[in-house]
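Structure first, then comments.
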Amino acid sequence: MSDAASTPTDFIRDIVAADVASGKHPVPKTRFPPEPNGYLHIGHSKSICLNFGIAKEFGGTCNLRMDDTNPAKEDVEYVESIIADVKWLISGWADHCLGFKAPGATPGAQRVEGKPDFFLGSVAPGEEGRPFHASDYFVQIYAYAVELVRRGKAYVDDLTPEETDRYRQEGRPSPYRDRPIAESLDLLERMRGGEFPDGTRTLRAKIDMTSPNMWLRDPVLYRIRHAEHHNTGGQWCIYPMYDFAHVLSDYLEGITHSICTLEFEVHRPLYDWILESLDLPRALPHQYEFARLNLNYTVMSKRKLLQLVNEGKVSGWDDPRMPTISGLRRRGVTPEALRAFAYNVGITKYDGVTDVAVLEHAIRTDLNKRAERRLAVLRPLKVVITNLPAEHREDLEAVNNPEDETAGTRKLAFGRELFIERDDFAEVPPPKFFRLKPGGEVRLKYAYIVKCEEVIKDASGQVVELRCTADLESKTGGANSNRKVKGTIHWVHAGSSVDAEVRLYDRLFTEEDPEAKGDFKACLNPHSLETVQAKLEGSLAGVKEGRWQFERLGYFAVDRESAPDRLVLNRTISLKDTWAKEAKK
RNA sequence: UGCCUCGUGGUGUAACGGUAGCACAAGUGACUCUGAAUCACUUUGUCAAGGUUCGAAUCCUUGCGAGGCAGCCA
């Protein structure tokens, strides 16, 4: 069973624990560094839970940092969504570990052991702050680039992108590799000054053109891009590459454990090389890699999610069918459920595929405990209780949450005309059908046992109404309520019911691995969204937000498009349905 | 092809040279005024072959398989 209260264990936490115990890093500092080029998804939530979890467990902090070194792809819309999603996900759990910088702050120059240094710390918890940005360090990163050139460890290269590529594959050094330091320094300054067009020159690390690790074959550190940056505007026309900017950002912020996904494993020697080559005075960060989250029936790459959004396959990044944090939130999933899920999948270096059933289980477990129960009918079928007068009206008592006694009870209206679920009536019942059938009996939850006396159909043969009689002795809680019938069904009193649009979601893809056959959009599930006009019990009139379990159906949450005159609900997830499995047999 | 990493039931993960455990999924039963929840039980596993050892999922060798990298993306 998922138990988010117990402390998880994994190989990264083992390392952190050892570093704390040995005094190497008494206070660990992590960071969550998304690129603001899309919305965060559930894979990011695994990383957020890891990084903030470590900070929380070891008394450290976790900086939220925008890894924004590519102006072409990034946007403030994404920055704002990332902040909102991270705050939501860690709320009530690791808020106090969120590392923000003081508004407007940039790294301060200092001297450590006689050496020049830069450092930018985070504000105290609760103080006003903003996320860190790699782009806030462009000045310092550039200074480090100059330093590398001075040390003879980097040079300006005039090769074209294509030539750079070919030389690297051939393990051949660029003819500009050994140009004089002074010349590189001059060229770098002029690159910064805007003298050269995009792609004409780069700054390259001078490492080893014959290394078996491609990332050590003189990787590009800076490229020329005459482009507006969402944070620095038009200040720069050269931008540092990920490898250069990321490791230095880690160092500037005093990060101790820089945790990323497996594909960066081959970058680690470069990460370490940059740190060592600069002869930095403070404790150095180390990079550790874990396997990213893969879920079946889901695509996870931001590029593909962006396609779904841009091509209108979904209504937006927060479409409740999207595996984005904002989509899951809108669907009605809680941060607690997402955290429990992250805990359950664990942290390893094995690149496997997690069954979405594990996610669904975490969502159900969480909602089962917290969601109050209500009665609602998704596909209404009219029922008339013929032995009750038209004006009959009574209030029944219903339990709000059998899993939580403190949730109390509520009043449920009952009368002559009701709605029941179409699926709960069968004219020709299949084997083991416990629900209503002609001449059969069923209990209406919290009310009476009723017997189906007559089936009324329209001209086309469609069942439009059931006429039933109630056993007035069988009222729930009454002296003679003990009579057993095989089935109990939910219902809604017609006169006091509330109309609502209910959106029923199913998985977005029909294939376990949507990418297996090339085009992931070819296996989009045409039935991933079904909208029904439902009837809800009267207590739900006027609700503006909230989550409930509709008994025997699933968990539902008010959608953000809901309005006073038009209630809209999303089905977060259905209840487990063993009858559906039985019916298939 | 080169380099890096990883192989434990159907899936995800524990076991740190000493009884292969947990969760999900699946199945059976109990209970049930939610065919839910809960409870009990069951099925299924160390990639292969050698070696070291009293003892190997764990250490070594080889093989096989999977993933990643080889952008002036991150």
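Chain naming here is simple, since letters A, B, ... match the order of the sequence lines and numbering starts at 1 in each. Bear in mind that the values here come from a model prediction, so they are computed numbers and not experimental data.
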Using the six-membered ring of [Y], assess whether NZ or CZ of [X] lies under 6.0 Å from its centre and within 45 degrees of the ring axis.
{"X": "Arg223(A)", "Y": "Tyr239(A)", "value": "no"}
{"X": "Arg374(A)", "Y": "Phe550(A)", "value": "no"}
{"X": "Arg571(A)", "Y": "Tyr505(A)", "value": "no"}

Closest listed nucleotide, where the reference is the side chain of [X] and the choices are [options]:
{"X": "Ala357(A)", "options": "rA70(B), rC24(B), rG35(B)", "result": "rC24(B)"}
{"X": "Met214(A)", "options": "rU5(B), rA74(B), rG2(B)", "result": "rG2(B)"}
{"X": "Phe434(A)", "options": "rC33(B), rA74(B), rG35(B)", "result": "rG35(B)"}
{"X": "Pro212(A)", "options": "rA74(B), rA25(B), rG2(B)", "result": "rG2(B)"}
{"X": "Lys576(A)", "options": "rA37(B), rA74(B), rG35(B)", "result": "rA37(B)"}
{"X": "Phe264(A)", "options": "rA74(B), rA37(B), rC72(B)", "result": "rA74(B)"}
{"X": "Val266(A)", "options": "rC73(B), rC4(B), rG35(B)", "result": "rC4(B)"}
{"X": "Lys445(A)", "options": "rC24(B), rC33(B), rG35(B)", "result": "rC33(B)"}

Just checking [X]: base, sugar-phosphate only, or nothing, at a heavy-atom cut-off of under 4.0 Å?
{"X": "His246(A)", "value": "nothing"}
{"X": "Leu159(A)", "value": "base"}
{"X": "Tyr446(A)", "value": "base"}
{"X": "Phe550(A)", "value": "nothing"}

Counting only side-chain N and O atoms of [X], is one of them less than 4.0 Å from OP1 or OP2 of [N]?
{"X": "Arg292(A)", "N": "rG67(B)", "value": "no"}
{"X": "Arg443(A)", "N": "rU34(B)", "value": "no"}
{"X": "Thr69(A)", "N": "rA74(B)", "value": "yes"}
{"X": "His361(A)", "N": "rC24(B)", "value": "yes"}
{"X": "Arg204(A)", "N": "rC72(B)", "value": "no"}
{"X": "Lys484(A)", "N": "rC33(B)", "value": "yes"}
{"X": "Thr578(A)", "N": "rA36(B)", "value": "yes"}
{"X": "Lys581(A)", "N": "rA26(B)", "value": "yes"}
{"X": "Arg303(A)", "N": "rA74(B)", "value": "no"}

**Prompt:** Considering only the C1' atoms, how many Å lie between rC24(B) and rG18(B), rounded to the nearest integer?
**Reply:** 30 Å
**Prompt:** If we take the P atom in both rU34(B) and rU46(B), what is their distance in whole Å?
**Reply:** 42 Å
Atom pair distance, as rounded to whole Å: [atom1] in [X] and [atom2] in [N]:
{"X": "Glu263(A)", "N": "rG71(B)", "atom1": "CD", "atom2": "C1'", "value": "14 Å"}
{"X": "Leu262(A)", "N": "rA74(B)", "atom1": "CG", "atom2": "C1'", "value": "16 Å"}
{"X": "Glu35(A)", "N": "rA74(B)", "atom1": "CD", "atom2": "C1'", "value": "5 Å"}
{"X": "Leu270(A)", "N": "rC69(B)", "atom1": "CG", "atom2": "C1'", "value": "13 Å"}
{"X": "Leu436(A)", "N": "rC33(B)", "atom1": "CG", "atom2": "C1'", "value": "15 Å"}
{"X": "Arg217(A)", "N": "rC72(B)", "atom1": "CZ", "atom2": "P", "value": "13 Å"}
{"X": "Tyr239(A)", "N": "rC72(B)", "atom1": "OH", "atom2": "P", "value": "18 Å"}
{"X": "Arg225(A)", "N": "rG71(B)", "atom1": "CZ", "atom2": "C1'", "value": "10 Å"}

**Message:** Between Thr409(A) and Glu397(A), do the side chains contain a donor N or O and an acceptor N or O under 3.5 Å apart?
**Reply:** yes
Under a 4.0 Å N-O cut-off, is there an ion pair linking [X] with [Y]?
{"X": "Arg483(A)", "Y": "Glu473(A)", "value": "no"}
{"X": "Arg179(A)", "Y": "Asp158(A)", "value": "yes"}
{"X": "Arg547(A)", "Y": "Glu372(A)", "value": "no"}
{"X": "Lys73(A)", "Y": "Glu35(A)", "value": "no"}

Which atom pairs link the protein and nucleotides 12-16 of chain B when you take only N or O atoms and keep those under 3.5 Å?
from    : atom 1 : to        : atom 2 : distance (Å)
rG12(B) : OP1    : Val353(A) : N      : 3.0
rG12(B) : O2'    : Val345(A) : O      : 3.1
rU13(B) : OP1    : Thr348(A) : OG1    : 2.8
rC16(B) : N4     : Asp14(A)  : OD2    : 3.2

**Prompt:** Does rA70(B) have Trp215(A) stacked on its base, where the ring centres are within less than 5.5 Å and the planes differ by under 30°?
**Reply:** no
**Message:** For rG35(B), is there a stacking contact with Trp579(A), counting only centres under 5.5 Å and planes under 30°?
**Reply:** yes
**Request:** Could you list the residues that satisfy side-chain contact (heavy atoms from CB on, under 4.5 Å) with Ser174(A), not counting sequence neighbours?
**Result:** Tyr155(A), Asp157(A), Leu159(A), Tyr176(A), Arg204(A)
**Fill in**
Taking for Lys486(A) and for Arg201(A) the nucleotide of RNA chain B with the nearest heavy atom, the one nearer the 5' end belongs to Lys486(A)
**Request:** Hey, which sits more toward the 5' end of RNA chain B by its nearest nucleotide, Pro33(A) or Lys475(A)?
**Result:** Lys475(A)
**Asked** Which string of ( ) [ ] | and . matches RNA chain B, if you list each base 5' to 3' and count Watson-Crick or G-U pairs only when both distances are under 3.5 Å?
**Response** (((((((..((((....[..)))).(((((.......)))))....(((((..]....))))))))))))....
**Distance-only donor-acceptor test (3.5 Å): side chain Glu403(A), base rU38(B)** = no
